[in-house]
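Just so you know, these numbers come straight off a predicted model, no measurement behind them.
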Amino acid sequence: MPKKVLHEFKVESLQILDEAGRVDRALWPGLDEKEIKGFYEAMVLIRTFDEKALNLQREGRLGTYASVQGQEATQVGSAAALRPSDWIFPAFREPGVSILRGLPMRMIYQYWSGDERGSAIPEDQHDFPIAIPVGTHIPHAVGAAWAAKFKGDPVAVATFFGDGATSKGDFHEGLNFAGVFRLPIVFICQNNHWAISVPLSRQTASATLAQKAIAYGFEGIQVDGNDVFAVYTAVKNSLEKARRGEGPTLIECFTYRLSDHTTADDASRYRKAEEVAGWRKKDPIVRLRAFLEREYGWSEAEERATRQQAQERVAAAVHEFESVPPADPEAMFDTLFATLPPDLLRQKERLRKRLQDEKEKG
Amino acid sequence: MPKKVLHEFKVESLQILDEAGRVDRALWPGLDEKEIKGFYEAMVLIRTFDEKALNLQREGRLGTYASVQGQEATQVGSAAALRPSDWIFPAFREPGVSILRGLPMRMIYQYWSGDERGSAIPEDQHDFPIAIPVGTHIPHAVGAAWAAKFKGDPVAVATFFGDGATSKGDFHEGLNFAGVFRLPIVFICQNNHWAISVPLSRQTASATLAQKAIAYGFEGIQVDGNDVFAVYTAVKNSLEKARRGEGPTLIECFTYRLSDHTTADDASRYRKAEEVAGWRKKDPIVRLRAFLEREYGWSEAEERATRQQAQERVAAAVHEFESVPPADPEAMFDTLFATLPPDLLRQKERLRKRLQDEKEKG
Amino acid sequence: MSKLNIVQAINQALRHEMEKNPDLILMGEDIGPDGGVFRVTEGLIDTFGARRVVDTPLSESGIVGVAIGMAAYGLTPVVEIQFMGFLYAAMEQLISHAARLRTRTRGRYTCPIVVRTPYGGGIHAPEHHSESTEAFFVHTPGLKVVVPSTPAEAKGLLLAAIRDPDPVIFLEPAKIYRAIKEEVPDGEYVIPLGEARVVAEGKDVTLIACGAMLHPTLKAADQMAEKGIEAEVIDLRTLSPLDSAAILRSVEKTGRAVIIHEAPRSCGLGAEIAARLCEEALLSLEAPIVRVTGFDTPIPLPKTEKYYLPDVDQIVEAAEQAVGF
Amino acid sequence: MSKLNIVQAINQALRHEMEKNPDLILMGEDIGPDGGVFRVTEGLIDTFGARRVVDTPLSESGIVGVAIGMAAYGLTPVVEIQFMGFLYAAMEQLISHAARLRTRTRGRYTCPIVVRTPYGGGIHAPEHHSESTEAFFVHTPGLKVVVPSTPAEAKGLLLAAIRDPDPVIFLEPAKIYRAIKEEVPDGEYVIPLGEARVVAEGKDVTLIACGAMLHPTLKAADQMAEKGIEAEVIDLRTLSPLDSAAILRSVEKTGRAVIIHEAPRSCGLGAEIAARLCEEALLSLEAPIVRVTGFDTPIPLPKTEKYYLPDVDQIVEAAEQAVGF
Ligand SMILES: Cc1ncc(C[n+]2csc(CCOP(=O)(O)OP(=O)(O)O)c2C)c(N)n1
Ligand SMILES: Cc1ncc(C[n+]2csc(CCOP(=O)(O)OP(=O)(O)O)c2C)c(N)n1
Ligand SMILES: [Mg+2]
Ligand SMILES: [Mg+2]
């Protein structure tokens, strides 16, 4: 056959909770009231944590901080679908996922205050710390998924990254390995439409990010990233598929970064207020609250209690953060190698002397 | 709409000349007898050049050499579609394209004999030399296409690479740039089914390489790479589209490497004789000859004359190659920078002394 | 003349050269409407348009690779990599291609690109934002490496780098981007590559530095002057090719050398300078050469980075050690 | 004991360790049925299967990145990069992650990977197949760099590298892969990292080399012995961490040092060794330190590469220069 269609592909999108807070029953993932309210509490907690981070930064108590506002649904939906035994590999805009996985909020503040101890993930958590160089953690996630498969562990891996990350070679090489070796991994792209000031249209000419999976021979899907039920459903299905040995999935969460890129950024330089306002109307928290009101008669009192509780937890975390003893400069040598070689011991000695001198000078 | 198909894609394949040497008139690209016979002569020339290279290597007159046997149709079809003012960026298995573009065959022998002068592309040719690190020349081609567009030159760019190259980050980043900036470029992937010993199935889980274009928002097509008419047609159409400002195309030429990867390789270690035999039957030269016989009553005498002529041209090239004066070691300094800085002048002086000493010792 | 900081001086140099050279194209992440994360390209897109000031996809290797192709075709690409720590993705393109295109093709193709990137610590930034691995590029034949230390220097050296017919890595000391203002000549102002400058003359010890580190070094020299020690201070300006002659000249006079850089010590630039001195000026050396450098550890996060970076005290101590030997 | 060349010794070491450690996984291009382009992994896939000896897609950065994730999860990945010239694609993964995972997480995650790669010139190969940029990795805190010089050394050092809890770049001198055969202990044979060895004792001059360059260095020492000059020859073995103590000990004795490497001169390993000597043994130095190195140009293609690489004559000349100073 001289000219023929060899293959056909399609990319689907998923939305369960619409912008008015109504759900599509046919697609309902079977969550109960407690779980749903748990989602809401989690989203409020993340927002509260985030607002506090911005405050702390303004007060000079954090360095740079990357706000997650607007993306809470992708984080809660994903985290809820994961098992504790699964592994996650975040980028730098997933404090929500990390908090829900059990990372003390104190540590996230610590990290952004410029303290490595914020990345010393507790032993019982299979989570990688923040990865700054965009996209570079994707192959790590793939390696962990491969290792899990190698060992026969019933574990799946999720990795998070932004729309910008899809342009980097690491994205390509990572997804390609995952496809070839059919690894138990879910690639969760938080398409928040901006990579600092660079809009999605400058990142790729493809109509969706989900369709990039076609290049790697596995499935990609675009979900409404401001719909926690859609995210939850897609991530859960993909994790289960992964654990069944049926390979990877790319999930594009269609969402928006409501804040500046980081506290070092001023987004008004490059994007229109109307665009942001339009997306504010789709705020995932507002949307879920509308659902709770409609479905469970969510009251002002419940709302207040939820916010109150979030404030208290965050306040406690800030207190912990501020009670941490100062970072020890010598630590830069302590975890460089399992055993410090002689020349480095001498360098450490030199640092110790510098610290000593400083102390003496007062 | 909660769950919907967002986009549909398809990948097509193209064959005009079938394995028995019959063409599909509906797809005929309008070539005349002279052009077609020119294609055949070119393919025979490339094969002859290649066989001679293998001989020269066996005799120790070349170092490593990467044979192109089996892929002559992709090279002739592509080269015929290009204009002299277009630019090409080859990998290392496109002697055919280079020869047809006008690169003296002598220089290709020189290159593989380990002499940089083989890469000193004549000034009137817009061709890049061989690129060894797989895939890394793809962004260069994209940059040249961009520059052509920037300057408003009516120029298109073609770059060649293998199936293995599609796994590398450079492929991804290059094609992505081309898509975003809608550059006048044609990506010609010679899918010869092997990357040294690694089969295509280990390179990607995607059903075709052509579909990878979907990730970049432009068109990909798979052509029968052993069908010179199909290659010619696809490349020509894509170049014209590029020159019209309609952006890039990915062309997967479905073909096969009949020889070892290079003269340093022994393909019998990793692939079955039957597989090779199966593909030998699809030899692009045999196929075109069948067409010539059927269509133009191609005679034994014409065949002999064609081969004779190719032999003579290749013999002349070998003679030229062997008449070239020895490479000058000092040249390693001469084109390092436009102007050699003082410390390097001193290093060059040291080399000169070494050469002097050697001469004196005899 | 106008009083500018380094950010403004570089911006002025880019603007000046873009006006002269219609084939100069800027590429990078966030260099368009945002003006670059350090605002170095601020306003350029307004003057020269999105055709010449191009926000690219997020791919450093792609940016450099594409620039190589552009340069070969005949453009003059000036690339911004957001931070030096993200340049590692482009190492293959730089080492295997940018540095070799001229050699490989015996001069047929050349690669007149400039890769600008902020570098160095002390800006309280997250991990990977404080790198100073200039030695990688010095160790790569075919590349030039330039580091300005003041606004006027930045302008003059950048113009030379852009006009240089070979690839130049132009490292901008982030810590002092806005820390110093000085008179910068308007219009044409070119400082030739490959020539170090003597910033302060002295006879007792030679202090060798560049970029941000020049400033604590100058302070150290001042402090020593109070104690009657006359330090000669050399600003390297171009790390590759290194101005060996200038260094030798000074150390032959002073007999003592202290080399300051914030990069890790082992196989850093200081090693090369020490080795050259040891090869060619051994008999002039009256004291061991002292290197004041970062440790052989990754530079820590902001809370403790100050203990990683050389400071005035350490430079003074090292110089006194050399002088007192 | 069996008489093996380096290829066979490495193969034996891999086999030995794969038998002991079921979590050891080999990854690379063409390492499976093909046995690697140098045949180092020959036969391993037959014994250990395609689950543990994995041919990967053609992506060096991906290979190293994936290995990092595997290592963090608990496997022991040993990666083959086909030639050192193709490792540059993986620089970001190596510098920004492999080298820092332990530091970044304060020890929570570690990265016990080994990246094996053939390196060095003299094998008449195409461009990019003759690189020796070990200094890049020595300049990267958090990596170890190991270079064996003989078959037994290769086995002993590779076993140590694989067992090392931190990332190791294991550079295999391609030129001598099959050039030397020697008795290699069967079974367990581990040479600790970080310790140089004195291959020949002497009192007049110290010659410092590693890998393929050790062999012309030893020949040079022999030739000098005929003229009555006693050279001490040090095989570095581990370039990072460098065994400074061993180097100092020797040079304090001989007062003269010649450092030999084929990598480009500027900011190469020789610079670091010279700098350390100059800092810590200046008073022992009776002659300038001499570096015998490649030029600061890319190593040329085979027709002229011999003029790039240090050879016996040059080493002798340098040593005589040092001794005759
Ligand atoms: C390799 C690399 N290049 C540049 C940067 C600087 N940078 C930090 S975040 C960012 C944009 C990332 O965009 P995206 O992947 O969409 O994630 P988002 O910030 O939107 O969550 C850039 C350019 C970086 N961290 N890493
Ligand atoms: C980056 C890189 N890695 C490894 C190699 C070694 N190598 C040379 S050719 C080749 C296979 C290339 O396969 P493909 O892209 O399919 O091209 P083909 O050789 O089949 O024409 C490999 C692995 C290389 N040249 N560059
Ligand atoms: Mg984004
Ligand atoms: Mg191939």
Side-chain angles (χ1 to χ4, degrees), chain C residues 60-61 85-96 99-100 103-104 127-128 131 133-142 240-242 259 263-283 285 287-291 294-300 325, chain D residues 60-61 85-96 99-100 103-104 127-128 131 133-142 240-242 259 263-283 285 287-291 294-300 325:
Chain C
E60 284 74 11
S61 182
F86 308 134
L87 188 52
Y88 303 145
M91 290 296 263
E92 180 167 40
Q93 286 295 342
L94 286 171
I95 301 169
S96 299
R100 296 186 187 189
T103 297
R104 176 181 303 146
E127 200 187 347
H128 311 287
E131 302 286 291
T133 41
E134 61 276 8
F136 289 160
F137 305 100
V138 175
H139 189 54
T140 303
S240 183
L242 198 58
I259 308 157
R265 184 182 201 78
S266 291
C267 281
L269 185 74
E272 180 57 31
I273 294 173
R276 290 194 190 182
L277 287 172
C278 199
E279 276 162 359
E280 311 201 19
L282 185 67
L283 296 188
L285 286 179
I289 296 167
V290 190
R291 289 184 283 170
F295 296 116
D296 284 321
T297 72
I299 180 168
F325 185 78
Chain D
E60 284 75 11
S61 181
F86 307 134
L87 188 52
Y88 303 145
M91 289 299 262
E92 180 168 40
Q93 287 294 341
L94 286 171
I95 300 169
S96 300
R100 297 185 186 189
T103 297
R104 175 179 306 146
E127 201 188 347
H128 311 286
E131 302 287 290
T133 41
E134 61 277 6
F136 289 159
F137 305 101
V138 175
H139 190 52
T140 304
S240 183
L242 199 58
I259 307 157
R265 185 184 201 77
S266 290
C267 282
L269 185 74
E272 180 58 32
I273 294 173
R276 291 196 190 183
L277 287 172
C278 199
E279 276 161 359
E280 311 202 20
L282 185 68
L283 296 187
L285 285 179
I289 296 167
V290 189
R291 289 183 286 170
F295 296 116
D296 284 321
T297 73
I299 180 168
F325 184 78

Look at [options] and state which one has the largest set of heavy-atom pairs under 4.5 Å with chain D.
options                                    : result
Ala274(C), Cys267(C), Pro288(C)            : Cys267(C)
Thr133(C), Leu283(C), Ile259(C), Leu277(C) : Leu283(C)
Gly85(C), Ala135(C), Ala281(C), Pro241(C)  : Ala135(C)

Side chain / backbone / both / neither for [X] at chain D, heavy atoms under 4.5 Å:
X         : answer
Ala90(C)  : neither
Ser266(C) : both
Ile95(C)  : side chain
Arg104(C) : side chain
Phe325(C) : side chain
Glu131(C) : side chain
Glu279(C) : both
Leu242(C) : neither

- Message: Looking at chain C, which one of Gly142(D), Ala99(D), Gly268(D), Gly294(D) has the largest number of heavy-atom pairs inside 4.5 Å, strictly under?
- Response: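 Max contact count across the listed options: Gly268(D).
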- Top residue by heavy-atom pair count (under 4.5 Å) with chain C, among Met91(D), Glu127(D), Gln93(D), Glu272(D)?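 That would be Glu272(D).
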Nearest atoms (heavy-atom pairs only) where [X] meets [Y]:
X         : Y         : answer
Glu60(C)  : Phe86(C)  : CG-O, 3.1 Å
Arg265(C) : Arg291(C) : NH1-O, 3.1 Å
Glu134(D) : Ala263(D) : OE2-CB, 3.5 Å
Ala275(D) : Ala271(C) : CB-CA, 3.7 Å

Can you find a pair of side-chain heavy atoms, one from [X] and one from [Y], that are under 4.5 Å apart?
X         : Y         : result
Phe136(D) : Leu94(D)  : no
Thr297(D) : Pro264(D) : no
Pro141(D) : Thr103(D) : no
His139(C) : His139(D) : no
Asp296(D) : Ser240(C) : no

